[in-house]
Protein chains: 2
Amino acid sequence: MAKEITIYDIANQLQISPATVSRALNNHPAINEKTKVLVNAKAEELGYRSNKFASNLRKQSTSTIGVIVPRLNSYIMSTVLAGMEKIANEEGFNLIISQSLESQKKEIANAQTMFNSRVDGLLVSVAFDTDSFEHFQPFLKKKIPLIFFDRILENNNCPSIVIDNTKAGYEATNHLIQQGRSNILHITGNLQRNVYADRLKGYQQALLENEIPFQKEFLWETALNLEAGKEVAQRIKAMPNRPDALFIASDLCAVACISALKEMGIDVPNDISVVGFNNDPVAQVIAPKLTTIHYPAKEMGEIAVKSMINHLKGTMNLDKTNAITLRSELIVRESSRIIEHSA
Amino acid sequence: MAKEITIYDIANQLQISPATVSRALNNHPAINEKTKVLVNAKAEELGYRSNKFASNLRKQSTSTIGVIVPRLNSYIMSTVLAGMEKIANEEGFNLIISQSLESQKKEIANAQTMFNSRVDGLLVSVAFDTDSFEHFQPFLKKKIPLIFFDRILENNNCPSIVIDNTKAGYEATNHLIQQGRSNILHITGNLQRNVYADRLKGYQQALLENEIPFQKEFLWETALNLEAGKEVAQRIKAMPNRPDALFIASDLCAVACISALKEMGIDVPNDISVVGFNNDPVAQVIAPKLTTIHYPAKEMGEIAVKSMINHLKGTMNLDKTNAITLRSELIVRESSRIIEHSA
DNA sequence: CTGAAAGCGCTTACAG
DNA sequence: CTGAAAGCGCTTACAG
């Protein structure tokens, strides 16, 4: 293996000190422009590459941001991560990504790994069953900034980046009511999580405003995945009094449910109208096309990393920031349009 | 900020040398078991965490594997990454992930960042338009192992992890022929990429064996995304002699195309049967359900990282490995069954 | 089984 | 604008 070039090699060849080389390479304002040019040229010539480990060791910082997500392979999360990677890459930061696989236990292990990796900051969307903040305490103690996004933990003074799930839930439900529906079944995930709890709040609020009583039997907590969608359809089929609409907190689940309903001969939207959540690409390719809430996933990722980096650079202080709320949007398509069909 | 605990603190409190502490912490065989127990207990007590930067600097290795993918937010890639993360996490390695966004230019920049981050190994699936190996040469020169997966670059002595795309393409096409189809349109991506070139080979092979002439007009190179699927449907509608089957090298594109065809009143599978590729969850939730090739994405990610780590640890030498081929599988569903419909 | 000592490649407070 | 020197926290060849 060829020997690595260091700042000492550059310093020797240029007959200047390593300190000057280091400063020139880092574009230190006190260094003469000509020296900088010389140093950079020589660095290029020798194929120098900075040793981040020496630098990190010395500076006691890592330019690395940790990210813990429930899973990598969901539409929302992979899109959030794509946004995060984009900004981190542009800003010269590295991302260390790990997945909790919806288990608090794995999330705790991941948090510890992140801690030991000395990430400069941590971005977290929590698992289905996380009910403790304990594993994040070490970060706060060390003043390592911690930002929650999407699925957040409350009451811990950490900033969060979310959409207004209550508003989104309200709009989804209200839209169904405007279409003349009143027996609206709400299919959701673990209600311990803000995203689902808030969507439920919005659902209830819309019912209340329209003087439709909320029925516990019309609230189903599921895994919100493909399989859950099929099961929901089965259960609906068996109901003596079927709902006339569904508000399902995930598109993939909604689409699986619609597909199963159609196989049973139940017409969507005429027998049952459906609204999903996320604006997953899948929503556009089924028939009928799925009405849903657009979730700004890429933007959420970009803003999360951007906020973190600004905070780390000191250009923005997050300590006073409580929450950043992004705009979501109801997208009406055929799955909830009862009167007319699309051409 | 509380002061970080180092091995010197442990050494002082235990009245032994830092060298012994270091060895005990790393479970060095020469160290007395009792000493190890003592050191570990004290480390725990003081809240010690190893400084990876000092360790990496000294050891000249990083326990970090770089991954460059075309994009994070596709079903296949996010699933591959999920598999990679799982193994890396279990083995105590970190992953640095970046996306080329299908551009060679960005891929070059990412490769350089990986190089400067001194990854111990690099895993790459190349962009649509990558036509040079130049940006990977620095890794080979430094003997940093490089493994290609899914979209590979050939003739460079790097091991690759792939499925047998030719066989998969053959099976998909042959299945359509067995169903009585003979005007089979093949929708694919950039043919510079092995995955698409090989699927085409399989397609041609199946035609040849069945004495169906290959027609250039029945091979369409597209972006293989949702929009492309819609456009394909438009173009088909305008054709005087429409194909009776489609083999589309991506499920999402296939599903978008089916959806558009149905809106035009073209029946799938009776007018046109369709086979996709990947076994994206979306394949199961449309009507008709999509016949496709199951792509072992998670396994591919797991094997890629596992192979890399084994190589780095010296338990497996990759230098003689040319390619690891994973099993793919044709999954027949309704979109290509002409005779009978599912119950 | 343990220790003393050197060194990995940087950065920066201090001095000039 | 530049330099000398110390130190970040480890690991390991060498010695005993």
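So you know, we letter chains A, B, ... as the sequences are listed, proteins then strands, and number each from 1.
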Atom-to-atom span, [atom1] of [X] to [atom2] of [N] - whole angstrom:
X	N	atom1	atom2	result
Lys52(B)	dC10(D)	NZ	P	13 Å
Ile7(B)	dG3(C)	CD1	P	12 Å
Asn27(B)	dC1(C)	CG	C1'	15 Å
Arg49(A)	dC10(C)	CZ	C1'	15 Å
Leu38(B)	dC1(C)	CG	P	15 Å
Glu4(B)	dG7(D)	CD	P	19 Å
Leu57(B)	dC8(D)	CG	C1'	9 Å

Those residues that, when tested against Glu45(B), pass salt bridge (Lys or Arg N to Asp or Glu O under 4.0 Å) (two or more places apart):
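If we apply the salt bridge (Lys or Arg N to Asp or Glu O under 4.0 Å) test to Glu45(B), skipping adjacent residues, the hits are Lys42(B).
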
Name all residues meeting the side-chain hydrogen bond (donor to acceptor under 3.5 Å, both in side chains) criterion together with [X]; count only those two or more places apart in sequence or in a different chain, and write none if there are none.
X	answer
Glu85(A)	Asn89(A), Gln99(B)
Ser160(B)	none
Thr20(A)	Ser17(A)
His311(B)	none

Quick one: list whatever passes side chain to side chain contact (heavy atoms under 4.5 Å, CB included) with Glu302(B), sequence neighbours left out.
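If we apply the side chain to side chain contact (heavy atoms under 4.5 Å, CB included) test to Glu302(B), skipping adjacent residues, the hits are Lys86(B), Ile87(B), Lys298(B).
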
Which residues satisfy the side chain to side chain contact (heavy atoms under 4.5 Å, CB included) test with Tyr8(A), sequence neighbours excluded?
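For Tyr8(A), the residues satisfying side chain to side chain contact (heavy atoms under 4.5 Å, CB included) (neighbours in sequence not counted) are Thr6(A), Pro18(A).
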
Would one find a side-chain N or O of [X] under 4.0 angstrom from OP1 or OP2 of [N]?
X	N	answer
Thr6(B)	dC8(D)	no
Tyr8(B)	dG3(C)	no
Gln60(A)	dG7(D)	no
Ser50(A)	dC10(C)	no

With sugar-phosphate meaning primed atoms plus P, OP1 and OP2, does Asn56(A) contact a base, only sugar-phosphate, or nothing at under 4.0 Å between heavy atoms?
nothing

What pairs meet the ring-ring contact (aromatic ring centres under 6.0 Å, His included) rule with one or both residues in residues 64-114 of chain A, with sequence neighbours excluded?
none

Which nucleotide in the list dT2(C), dC8(D), dC10(D) gets nearest to the side chain of Thr35(B)?
dT2(C)

Aromatic rings Phe148(A) and Phe136(A): how do their planes relate, parallel, tilted or perpendicular, breaks at 30° and 60°?
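If you compare the ring of Phe148(A) with that of Phe136(A), the planes turn out perpendicular.
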
DNA chain C base-pair string [pairs: Watson-Crick or G-U under 3.5 Å; |: paired with another strand]
|||.||||||||.|||

Would Thr62(A) and Asn56(A) count as having a side-chain donor-acceptor pair, cut-off 3.5 Å?
no

Quick one, which residues of residues 109-121 of chain A touch DNA chain C with a heavy atom under 4.0 Å?
none

N/O donor to acceptor pairs below 3.5 angstrom from side-chain atoms of residues 22-31 of chain A, sequence neighbours left out:
from, atom 1, to, atom 2, distance (Å)
Asn26(A), ND2, Ser22(A), O, 2.9
Asn27(A), OD1, Lys36(A), NZ, 2.9

Would Arg49(A) and Phe115(B) count as a cation-pi pair here, with the cationic atom under 6.0 angstrom from the ring centre and within 45° of the axis?
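Yes, Arg49(A) lies over the aromatic ring of Phe115(B).
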
Could you give the distance separating dG16(D) and dT12(D) at their C1' atoms, to the nearest angstrom?
16 Å

Tell me which of Gln15(B) and Asn51(A) sits closer to the 5' end of DNA chain C, going by the nucleotide each one is nearest to.
Gln15(B)

Expected rows: protein N/O vs nucleotides 12-16 of chain C N/O, under 3.5 Å:
from, atom 1, to, atom 2, distance (Å)
dT12(C), O4', Arg58(A), NH2, 3.2
dA13(C), N6, Arg23(A), NH2, 2.5

